[in-house]
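First comes the structure, then the notes that go with it.
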There are 2 protein chains.
Amino acid sequence: MTAYEHLLKYDIKPSSQRIVIMDYLLNNRTHPTSNDIYNALKDDNPTLSKTTVYNTLKLFEEKGAVLNLSIDEKNAHFDGDTSDHAHLICSNCGKIIDMKIEMAPNVCNDMGCEIHQTHIYMKGICGECKKAN
Amino acid sequence: MTAYEHLLKYDIKPSSQRIVIMDYLLNNRTHPTSNDIYNALKDDNPTLSKTTVYNTLKLFEEKGAVLNLSIDEKNAHFDGDTSDHAHLICSNCGKIIDMKIEMAPNVCNDMGCEIHQTHIYMKGICGECKKAN
DNA sequence: TATAAATTTGTAACGATTACAAATTAAAAC
DNA sequence: GTTTTAATTTGTAATCGTTACAAATTTATA
């Protein structure tokens, strides 16, 4: 699926900036930060602004077109793959690696990784707020 | 277990500041931020510094005495309960709620919550780094 | 073509966190 | 118990990712 089609699927009006940012996310599965994306795109898109990348990623996230990973305390990382999967961040090199949920955490050991911690985070609406609403 | 004993267990020399911070974490299971803790303690501990709270929490985390939750993009939240459990953050009120791993995400529905996303994050050493080391 | 709405841009501000050096406290040596 | 050394705490200033805001540009509508 092209970036253009992907945007339409998530009900996002496709501007040229949005297309190029989504295209980068779909073709670079490195879980880049907003800054990573800006740096990668700015040479070919000289008028692109850092703020646009931030705003666009926030829009994508709200529309469900990308995932905002809070795995790294320093920066937000983004994932264009919204299918269910887990992530491992390496404490040594900082790389973020995709993992299949059903195998986690055992797949790590198979792959020669070493797991120190596993966190499960859910986002949603709590019981109190749901009742109050 | 007292805060004092808890510190010893994790091989942390117990200063008065460390004790009062750990005590707060053990008795307030609200997943406070560093700033939350500072604000809660500063009246009874007028000389306490914000920097000390940050430094102390970092030390606790390194020693494995607390968990640093990156569930909230805005701030780091800390959990004095290091046993295995999942967390739900409410998009409406921001509260962070403990969940039992084995029941997640279904327990949420039972409890009247509504889940929008589930993230599994692992921290460790990746295969490449492990091999290189 | 004129007008309105949406998007993008750059700058400035914000705020959580950290670096750093001085001050204080605790521990060790004598 | 005084001196010396190490560890801890503190306050200020800096860092840096992110956002607020208003102007500029582009796109859509009349």
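Just so it is clear: chains get the letters A, B, ... in the order the sequence lines come, proteins before strands, and each one is counted from 1.
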On the nucleotide D:dT19, are OP1 or OP2 found under 4.0 Å from the side-chain N or O atoms that B:Lys74 carries? yes
From the list D:dT9, D:dG11, C:dT9, which nucleotide is the closest neighbour of the side chain of B:Thr56? D:dT9
Counting only side-chain nitrogens and oxygens, does A:Tyr54 get under 4.0 Å of the OP1 or OP2 atom of D:dT18? yes
Answer yes or no: is there a donor N or O on one side and an acceptor on the other, between the side chain of B:Ser70 and the main chain of A:Ser70, under 3.5 Å? yes
Below the 4.0 Å mark, does C:dG10 have OP1 or OP2 next to a side-chain nitrogen or oxygen of A:Thr51? no
Hey, which of these two, A:Asn55 or B:Ser16, hits DNA chain D nearer its 5' end, going by closest nucleotide? B:Ser16
When we call it a touch if two heavy atoms are under 4.0 Å apart, what does A:Ser15 touch: a base, just sugar-phosphate, or nothing? sugar-phosphate
Of C:dT8, C:dT18, D:dT18, the nucleotide closest to the side chain of A:Ala76 is D:dT18
State which of C:dT9, D:dT18, D:dT9 makes the closest approach to the side chain of A:Thr52. C:dT9
Between B:Asp81 and B:Ser83, do the side chains contain a donor N or O and an acceptor N or O under 3.5 Å apart? yes
Answer yes or no: does a side-chain N or O of B:Thr47 lie under 4.0 Å from OP1 or OP2 of D:dT10? yes
Rounded to whole Å, OH of A:Tyr38 lies from P of D:dT18 at a distance of 15 Å
Please check the phosphate of C:dT17 (OP1 and OP2 only) for any side-chain N or O of B:Lys58 closer than 4.0 Å. no
Under 4.0 Å, counting only non-hydrogen atoms across every strand here, what does B:Asn35 touch: a base, just sugar-phosphate, or nothing? nothing
Does a donor on one side chain and an acceptor on the other come within less than 3.5 Å for A:His85 and A:Asp79? yes
Partner set under ring-ring contact (aromatic ring centres under 6.0 Å, His included) for B:Tyr10, not counting sequence neighbours: B:His6
Under 4.5 Å between any side-chain heavy atoms of A:Phe60 and A:Leu25, yes or no? yes
Applying a 4.0 Å non-hydrogen cut-off, can you work out what A:Lys13 is touching in the nucleic acid: base, sugar-phosphate, or nothing? sugar-phosphate
Phosphate contact (D:dT9 OP1 or OP2) by B:Ser49 side-chain N/O below 4.0 Å: no
So, is A:Gln17 close to the C:dT9 phosphate, meaning a side-chain N or O under 4.0 Å from OP1 or OP2? yes
